[in-house]
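If you read the sequence from its start, that first residue is 1, and numbering goes on from there.
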Amino acid sequence: MEFNIGIDAVVFDMDGVLLDTERVSEQAWITASREIGSGDAEEMYASCVGMTEPMIRASIERRIGKKAADDFFAGWNREFDKIIAEDGVPVMPYAGEALENLRGKFRLALASSTRGELVRKQLGDAGLLDFFEVVVSGDMVGKGKPDPEIYRTACNFLNLPPEKCAAVEDSPNGIMSAYSAGLKPVMIPDRIKPDEETGRLLWKLFPSLRDLCMFLLQGVC
């Protein structure tokens with residue numbers, strides 16, 4: 001299906017784009033960091049957004065050592081699960097509406113660094129899983145974002161060239177991954193605003209999913 005916008009598919013990140021889990025994750029991260037007496041929690045978190053869990057663990061172990069990292073991850077996961085159990089999976093504004101409006105006009109895929117079991121559970125609980133023709137999770141690739149493998153894999157499953165796909169991301173690591181894979185990177189900032197280097201990689205920058213939807217559908221959304 002050919003559109004004047006120049007793309008046939010939209011590949012979404014999950015955390016921070018469709019689900020407001022980055023806010024929950026950062027809150028849990030800061031709590032866990034304080035429990036082990038680690039400083040620079042916000043800077044450490046920002047550097048890891050978009051990475052797979054093994055990549056995050058390796059980064060934290062390099063900073064604080066294996067024992068402290070083990071204690072940190074136990075606290076992080078415990079606090080994250082507690083918040084989700086109390087409040088449910090938070091959905092980003094206009095996520096469901098955007099996917100509903102785009103379905104049938106563009107092919108929809110997901111490329112998330114989160115492990116597959118959790119991706120399917122959280123998207124399923126939020127009522128968003130069935131929108132996606134293709135789901136690629138962090139445990140399906142050898143290298144996580146900012147490496148381009150996850151987006152190349154999504155394009156392979158779609159059987160589309162990368163230049164016919166837009167990638168919707170909220171983090172510099174995700175934008176670098178999509179850009180390096182040859183997709184058209186779109187950023188909707190969440191916890192991290194684009195710096196000058198990230199800005200040079202963008203195809204488009206939007207404040208919300210609704211603005212993205214209106215652009216893709218030429219104002220009809």
Side-chain angles (χ1 to χ4, degrees), residues 1-3 5-19 21-22 48-56 91-92 95-96 98-124 126-190 192 194 198 201-206 209 212-213 215-217:
M1 188 179 295
E2 194 72 28
F3 288 87
I5 209 72
I7 60 169
D8 294 336
V10 185
V11 187
F12 288 86
D13 179 38
M14 182 180 78
D15 297 296
V17 173
L18 299 173
L19 302 183
T21 44
E22 293 292 3
C48 292
V49 172
M51 291 182 178
T52 62
E53 188 171 325
M55 292 173 67
I56 295 174
V91 179
M92 294 297 281
L99 294 173
E100 183 65 55
N101 285 323
L102 294 175
R103 179 165 57 180
K105 302 172 182 69
F106 297 91
R107 298 174 67 188
L108 302 181
L110 189 92
S112 171
S113 296
T114 301
R115 66 184 185 276
E117 179 183 5
L118 191 55
V119 166
R120 287 173 172 79
K121 182 182 188 311
Q122 291 186 345
L123 285 178
L128 303 180
L129 182 60
D130 291 343
F131 285 106
F132 297 102
E133 172 185 347
V134 166
V135 173
V136 183
S137 55
D139 48 359
M140 294 171 63
V141 295
K143 296 180 180 179
K145 303 171 186 177
D147 188 272
E149 182 182 3
I150 194 166
Y151 276 108
R152 288 174 178 163
T153 301
C155 291
N156 287 339
F157 279 125
L158 289 166
N159 196 27
L160 286 173
E163 61 269 20
K164 300 298 281 184
C165 304
V168 186
E169 279 282 354
D170 71 305
S171 72
N173 284 330
I175 292 297
M176 175 62 75
S177 174
Y179 179 86
S180 299
L183 289 80
K184 292 178 167 61
V186 176
M187 189 171 189
I188 301 177
D190 180 30
I192 305 173
T198 300
L201 307 181
L202 299 181
W203 180 49
K204 298 291 178 181
L205 175 68
F206 296 110
L209 285 166
L212 164 70
C213 183
F215 168 74
L216 292 176
L217 299 180

For the student: nearest non-hydrogen atoms of Ala154 and Val136, plus distance: CA-CG2, 3.8 Å
Neighbour count >12 (heavy atoms, 6.0 Å) for atom CZ, Phe157: no
Side chain Ser177, main chain Asp147, donor-acceptor under 3.5 Å: yes
Spatial distance of atom CE (Met92) from atom CG (Asp15) [nearest 0.5 Å]: 10.5 Å
Trace of the salt bridge (charged side-chain N to carboxylate O under 4.0 Å, His left out) decision for Arg107 with Glu133: CA-CA 7 Å; Arg107 298 174 67 188; Glu133 172 185 347; 2.4 Å; yes
Non-hydrogen side-chain atoms of Leu18 and Leu99 separated by less than 4.5 Å: yes
Asp170 CG to Met187 CE distance, which is reported to the nearest 0.5 Å: 6.5 Å
Considering all heavy atoms, the nearest Leu19-Gln122 contact: CD1-CB, 3.7 Å
Flag for Ser171-Asn173: side-chain donor and acceptor within less than 3.5 Å: no
Aromatic ring pairing Phe12/Phe132, orientation class (parallel under 30°, perpendicular over 60°, tilted between): perpendicular
Full working for side chain to side chain contact (heavy atoms under 4.5 Å, CB included) between Leu201 and Met176: CA-CA 7 Å; Leu201 307 181; Met176 175 62 75; 3.8 Å; yes
Lys204 side chain to Pro185 backbone, donor-acceptor under 3.5 Å: no
Any donor-acceptor pair under 3.5 Å from Asp139 side chain to Gly116 backbone: yes
Side chains of Leu217 and Phe106 in contact at under 4.5 Å (non-hydrogen atoms): yes
4.5 Å side-chain heavy-atom contact, Val10 and Leu108: yes
Validation row: Val17, Asp190 side chains within 4.5 angstrom (heavy atoms): no
Pair Glu149 + Arg152: basic N to acidic O under 4.0 Å: no
Audit row: Leu128, Met14, side chain to side chain contact (heavy atoms under 4.5 Å, CB included) steps and yes/no: CA-CA 10 Å; Leu128 303 180; Met14 182 180 78; over 6 Å; no
Close side-chain approach of Leu158 to Val11, heavy-atom, < 4.5 Å: yes
Spacing of Ile150 atom CD1 and Ser113 atom OG [to the nearest 0.5 Å]: 5.0 Å
Tyr179, OH atom: more than 12 neighbouring heavy atoms under 6.0 Å: no
For Pro162 against Cys155, the heavy-atom pair lying closest together: CA-SG, 3.7 Å
Leu110 and Leu123: CA distance, side-chain angles, deciding distance, side chain to side chain contact (heavy atoms under 4.5 Å, CB included) verdict: CA-CA 10 Å; Leu110 189 92; Leu123 285 178; 3.7 Å; yes
Nearest heavy-atom neighbours spanning Ala181 and Tyr151: CB-CB, 3.7 Å
Side chains of Pro194 and Glu169 in contact at under 4.5 Å (non-hydrogen atoms): no
Any Asn101 side-chain heavy atom under 4.5 Å of Leu216 side chain: no
Trace of the side chain to side chain contact (heavy atoms under 4.5 Å, CB included) decision for Asp13 with Lys145: CA-CA 11 Å; Asp13 179 38; Lys145 303 171 186 177; 3.1 Å; yes
